[in-house]
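Read the structure below first, then the notes.
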2 protein chains.
Amino acid sequence: MSKETHAVGDIKSPAGPGRPRAFDEAEALEKALCVFWHKGYETASVDDLTKAMGLSRSSFYGTFGNKQALFHKALRHYSRRGLKNLRDVADAGGNDPVGAIMEALANPQGGRDGCMLINCLTELAPHDDEVAALGRQHLESIDEIIARALEPSDPGQVLDKARAYASLAIGTLALRKAGVPDEQISQTLKQARLVISP
Amino acid sequence: MSKETHAVGDIKSPAGPGRPRAFDEAEALEKALCVFWHKGYETASVDDLTKAMGLSRSSFYGTFGNKQALFHKALRHYSRRGLKNLRDVADAGGNDPVGAIMEALANPQGGRDGCMLINCLTELAPHDDEVAALGRQHLESIDEIIARALEPSDPGQVLDKARAYASLAIGTLALRKAGVPDEQISQTLKQARLVISP
DNA sequence: CTAATATTGGACCGATTGGTCCAATAATAT
DNA sequence: ATATTATTGGACCAATCGGTCCAATATTAG
């Protein structure tokens, strides 16, 4: 169905002569990411995006295809980066890696905007299979990261426990959206330790 | 700023003669609620709403004012009904009221659409103070309900514990959105018991 | 030089958005 | 009968939506 064969995620992969790109595609993607993060998918208009990315409408469509393709690309990028960051947090998490992971999950860089992936999951997953699939995969990865951090000090049921910890952290994002102060969220999170009943 | 003084939430409160309402306002509100629940606020168009409610555009605006006012009214109604239901669940929750509450929270009637209030919180709270305030109030009420169910078997820190339980249950809504099977969610939820560290 | 590509900016498109207005009609009260 | 209100359905509005297209220009490779 696609018009030509391209490199994954790219609309055009020029080879021959011609004027080179004047803007950095990665930077532009990052700017778009911020807009989607802050406003959500539907509410972010193409005008919003092009202005934030510093692109003309022509360059926008020529480079990224359309709004939805750009969005999916941005979301995949966000997921990849977020998981990498989470693994780093786990590795550097001292004597309480699980606590560190949960803090990172509950305090995304977006501040009150929360976690972009959870936002988009809420907005689009029931009507967009690709987003739902990416969301499932992202959440699974989070479970694995927590499980790995949990394993040394606890032999069994690490995956079930990890899932519960992940849900707990993700649940607090709703509180942040509602404007509950950071202190309370942090306190609730720090005090909660899970016990898995057999 | 309002043109006249009206009963709370009503645009018109007729008293004198005239043709009576042919439709049930509560029923219409319920239909609108379902549309907002399923599609979200922005994506639900006035056409979607009027069709679902069985109203002409004129009756729609004449009765509910505008889309946003209708939405706020529906959301308040949803919150009220949900909290009442939750209290009933807690009362009828046998030997494990907290488990029953969490099941109810994690399995809202909307199925994969999840909890309307959490959805709307995610979509609108950062840009709509009224929604944020309603969300905060709703979440606080949930905390209180869980705390009350927790109290008999546990003296201290019931509120902190309740907050963690609530976040845990709410977090699983994201899993449901992503398409994680009910069984896994239910299992994760049942196995998780919380311990609050001092 | 030429050919090829990028960039810009704006015109333009059809569709949809939330919302208003109106004329005709129907049902109620006094 | 008259006044009042509800209801309908569609015309209509300005604004915005995502997306296409084009002409002009700039920058590269050969």
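The basis for the numbers below is simple: all heavy atoms, side chains too, and nothing from hydrogens, waters or symmetry mates. Reminder, nothing fancy here: chain letters follow the sequence lines and each chain counts from 1.
For the pair B/I185 and B/V180, the tightest heavy-atom approach, listed with the atom from each and the gap, is CD1-O, 3.7 Å.
Taking atom CD on B/E42 and atom P on D/dG18, their separation rounds to 12 Å, with Å as the unit. Between A/N66 atom CG and D/dC21 atom P there is a gap of 14 Å when expressed in whole angstrom units. Distance, A/L49 CG to D/dC17 P: 10 Å, rounded to whole Å. Between the C1' atom of C/dG18 and the CD atom of B/Q68 lies a distance of 12 Å, rounded to the nearest Å. Rounded to an integer number of Å, the gap from A/K67 NZ to D/dT16 C1' is 12 Å. Protein atom CZ of A/F64 is 16 Å distant from nucleotide atom P of D/dG18, rounded to whole Å. Atom OH in A/Y41 sits about 12 Å away from atom C1' in D/dC17, given to the nearest Å. Summarising the geometry, the separation between CE on B/M53 and C1' on D/dT8 is reported as 16 Å, rounded to the nearest angstrom.
Considering A/D48, A/T43, A/N119, A/D113 as possible partners of A/H38, the one that fulfils the side chain to side chain donor-acceptor pair (under 3.5 Å) test is A/D113.
Because its NZ or CZ atom is not both nearer than 6.0 Å to the ring centre of B/F60 and within 45° of the ring axis, B/K67 does not count as a cation-pi partner of that residue.
Proximity of B/S45 to the phosphate of C/dT17: a side-chain N or O atom is located under 4.0 Å from OP1 or OP2. Using a 4.0 Å cut-off, some side-chain N or O of B/S59 falls inside it from OP1 or OP2 of D/dT8.
For the pair A/R87 and A/D91, the salt-bridge criterion is not met [side-chain N within less than 4.0 Å of a carboxylate O]. Checked for salt-bridge contact, B/D182 and B/R176 meet the test: a charged N lies under 4.0 Å from a carboxylate O.
Taking for each of B/L55 and A/D48 the nucleotide of DNA chain D with the nearest heavy atom, the 5'-most of the two is the partner of B/L55. DNA chain D is contacted by both A/T43 and B/F23; B/F23 maps to the nucleotide lying nearer its 5′ end (nearest heavy atom per residue).
Here D/dG18 is the nucleotide among C/dT7, D/dG9, D/dG18 with the atom lying nearest to any side-chain atom of A/Y61. Closest to the side chain of B/D47, out of D/dC17, C/dT17, D/dG18, is C/dT17. With D/dT8, D/dG18, C/dG18 as the candidates, the nucleotide lying closest to the side chain of A/V46 is D/dG18.
The base of C/dG9 is not paired with the side chain of A/R57 by any donor and acceptor separated by under 3.5 Å. Contact of B/S56 with D/dG10 (side chain to base): no donor-acceptor pair of N or O atoms is detected under 3.5 Å.
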